[in-house]
Amino acid sequence: SYTTFQLDKRACIPSLRSPAGVRRFDLTGVEEVAIIKPGRIPKDVRVQAKLMDSEMLSRAAEDIEKAYKDISSHILVARRFQITSPNIYWLAFFDEKPVLNTAVLLNPKIDAEKDWIKVLTLYLNSSISILQLLAFCVETRGSWVDLHGDQVWSNIHVPDYRHTSMEQKLVALKLFDKISCCEEGVKPLFERITSRDELQRKIDVVALQITGLEDFIPKLDEIYEALEQELTIMHKILERSRRLKSKRRGMLKSRRAQTSLNQHI
């Protein structure tokens, strides 16, 4: 069960808790929020949520508000998630408002106009970016990956807006506007790769064009094949890890149900 209550928007800041289940990569107008004025929460709700330590609540809210001022940005990228999950759709998100990350997301600071940030968000959701990410990512358990800011995302090569033609930018922006808010019919990331999805192909064609790698467009199926093989192996490792973990739990439970022979003599 859950409780609903109304809160003034000025008591909140835009945020995103997790990339899981988010079918669109333009969060504008649908972003989640974090509360920075906990005193505005009705008392009965605070009691129900066991949030009665007002001093601790105030400190937490102050930390969130400060973090929003210091690190929020118009782009968010996923950090820790299962890349083959049927609940993961995108790796990068845009918002017209600055948005604050959580433990499983990062806030890249990009000094550029919003239109270019939109183009960059589109590019970071391309198969070209995924290929690079897989080269640097830390596998925590099969297809569960950690995409650290310094170790992974900072190594990703992105197009240089200074050397991208206006025509290329307009093509990318047109595609962004067309697909970034779509939710219906959008397949999970892993499925888009394995099914050679047309939506993913459109993103990848634009990504190759704005990076000057048009010669690779006819080779996209080879890229998908390589990605599919790598992601499938990672997924199998995860499934095997889960089976072994379940087996160990079963053995441990069985041992707990046993007693020594001496106890019965």
Side-chain angles (χ1 to χ4, degrees), residues 14 16 19-31 73-79 81 83 88-99 101 105-134 137 147 149 152-193 195-217 219-220 223-224 227:
L16 182 65
V22 184
R23 292 174 178 263
R24 53 188 284 172
F25 59 89
D26 184 350
L27 304 175
T28 305
V30 297
E31 60 275 292
S73 62
H74 294 282
I75 188 169
L76 283 171
V77 293
R79 187 185 74 82
F81 58 100
I83 197 167
I88 292 293
Y89 295 86
W90 307 103
L91 303 184
F93 303 89
F94 169 84
D95 199 306
E96 289 286 349
K97 301 177 183 176
V99 182
N101 66 27
L105 292 150
L106 296 170
N107 273 113
K109 281 290 187 181
I110 300 168
D111 185 18
E113 58 186 23
K114 285 184 185 178
D115 278 352
W116 181 252
I117 296 176
K118 289 180 180 180
V119 173
L120 191 58
T121 304
L122 187 73
Y123 173 82
L124 292 177
N125 282 308
S126 73
S127 297
I128 317 309
S129 293
I130 299 170
L131 268 177
Q132 297 182 70
L133 290 169
L134 291 180
C137 75
L147 305 180
V152 182
W153 281 108
S154 63
N155 289 302
I156 302 304
H157 291 280
V158 298
D160 187 340
Y161 72 96
R162 294 168 299 181
H163 298 111
T164 304
S165 70
M166 182 57 68
E167 183 181 358
Q168 289 173 329
K169 291 176 184 177
L170 290 174
V171 168
L173 282 171
K174 184 177 179 180
L175 181 60
F176 179 96
D177 291 340
K178 184 177 180 180
I179 69 173
S180 61
C181 295
C182 291
E183 297 189 46
E184 188 175 348
V186 176
K187 298 176 182 177
L189 173 62
F190 185 41
E191 187 179 342
R192 293 204 303 275
I193 298 296
S195 68
R196 315 298 190 258
D197 184 64
E198 191 59 33
L199 173 62
Q200 189 63 47
R201 192 179 294 271
K202 288 178 181 178
I203 295 172
D204 296 336
V205 167
V206 168
L208 290 169
Q209 289 173 339
I210 62 178
T211 48
L213 298 172
E214 294 92 339
D215 291 347
F216 284 89
I217 292 175
K219 299 180 180 180
L220 272 174
I223 293 174
Y224 297 144
L227 276 174

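Sequence positions, counted from 1, serve as the residue numbers for this chain.
In this structure, the side chains of Val77 and Pro108 come closer than 4.5 Å at one or more pairs of heavy atoms. For the pair Phe81 and Leu91, the minimum side-chain heavy-atom distance is below 4.5 Å. Counting heavy atoms from C-beta on, the side chains of Ile210 and Val119 come closer than 4.5 Å.
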Worksheet item: How far apart are the C-alpha atoms of Leu27 and Val22, what are their side-chain angles, what is the distance that settles it, and do they pass the side chain to side chain contact (heavy atoms under 4.5 Å, CB included) test?
Response: CA-CA 9 Å; Leu27 304 175; Val22 184; 3.9 Å; yes
Item to complete: Any chance you could lay out the side chain to side chain contact (heavy atoms under 4.5 Å, CB included) test for Ile156 and Leu133, step after step, and finish with the verdict?
Response: CA-CA 7 Å; Ile156 302 304; Leu133 290 169; 3.6 Å; yes
Worksheet item: Would Glu96 and Lys118 satisfy salt bridge (charged side-chain N to carboxylate O under 4.0 Å, His left out), going step by step from the backbone distance to the final call?
Response: CA-CA 10 Å; Glu96 289 286 349; Lys118 289 180 180 180; 3.6 Å; yes
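With hydrogens and angles disregarded, a donor-acceptor distance shorter than 3.5 Å links the side chain of Ser129 to the backbone of Tyr123. A donor-acceptor pair is defined here as one N or O able to donate and one able to accept, closer than 3.5 Å; such a pair exists between the side chain of Asn107 and the backbone of Val99.
Ion pair Arg24/Glu184 not flagged as a salt bridge, since none of the NZ, NE, NH1 or NH2 atoms sits closer than 4.0 Å to an Asp/Glu carboxylate oxygen.
Atom CD1 of Ile117 is separated from atom NE2 of His74 by 6.0 Å, given to the nearest 0.5 angstrom. Put simply, CG on Asp95 and NZ on Lys114 are 8.5 Å apart, with the number rounded to the nearest 0.5 Å. Here Leu124 contributes atom CG and Phe94 contributes atom CZ; the two are 13.0 Å apart, rounded to the nearest 0.5 Å. Distance check, rounded to the nearest 0.5 Å: CH2 of Trp153 to CG of Leu106 gives 8.5 Å. The distance from atom CG of Leu131 to atom CD1 of Ile128, rounded to the nearest 0.5 Å, is 6.0 Å. Interatomic distance, Ile75 CD1 to Leu105 CG, rounded to the nearest 0.5 Å: 11.5 Å.
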Side chains of residues 200-209: which donor-acceptor pairs under 3.5 Å do they make with residues two or more places apart or in other chains?
residue, atom, partner, partner atom, Å
Gln200, OE1, Arg192, NE, 2.8
Gln200, OE1, Arg192, NH2, 3.1
Gln200, NE2, Asn125, O, 3.1
Gln200, NE2, Asp204, OD1, 3.2
Arg201, NH2, Asp221, OD1, 2.8
Asp204, OD1, Ser127, N, 2.7
Asp204, OD1, Ser127, OG, 3.4
Asp204, OD2, Ser127, OG, 2.8
Asp204, OD2, Tyr224, OH, 2.7

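In this view, Lys97 satisfies the salt bridge (Lys or Arg N to Asp or Glu O under 4.0 Å) rule with no residue, not counting sequence neighbours.
For residues 155-170, the pairs satisfying side-chain hydrogen bond (donor to acceptor under 3.5 Å, both in side chains) are Asp160-Arg162, Asp160-His163, Ser165-Gln168, with sequence neighbours left out.
Ring to ring, Phe25 and Phe176 are close: their centroids are under 6.0 angstrom apart.
Checked by atom type, the side-chain pair Asp26/Thr28 shows a donor-acceptor distance below 3.5 Å.
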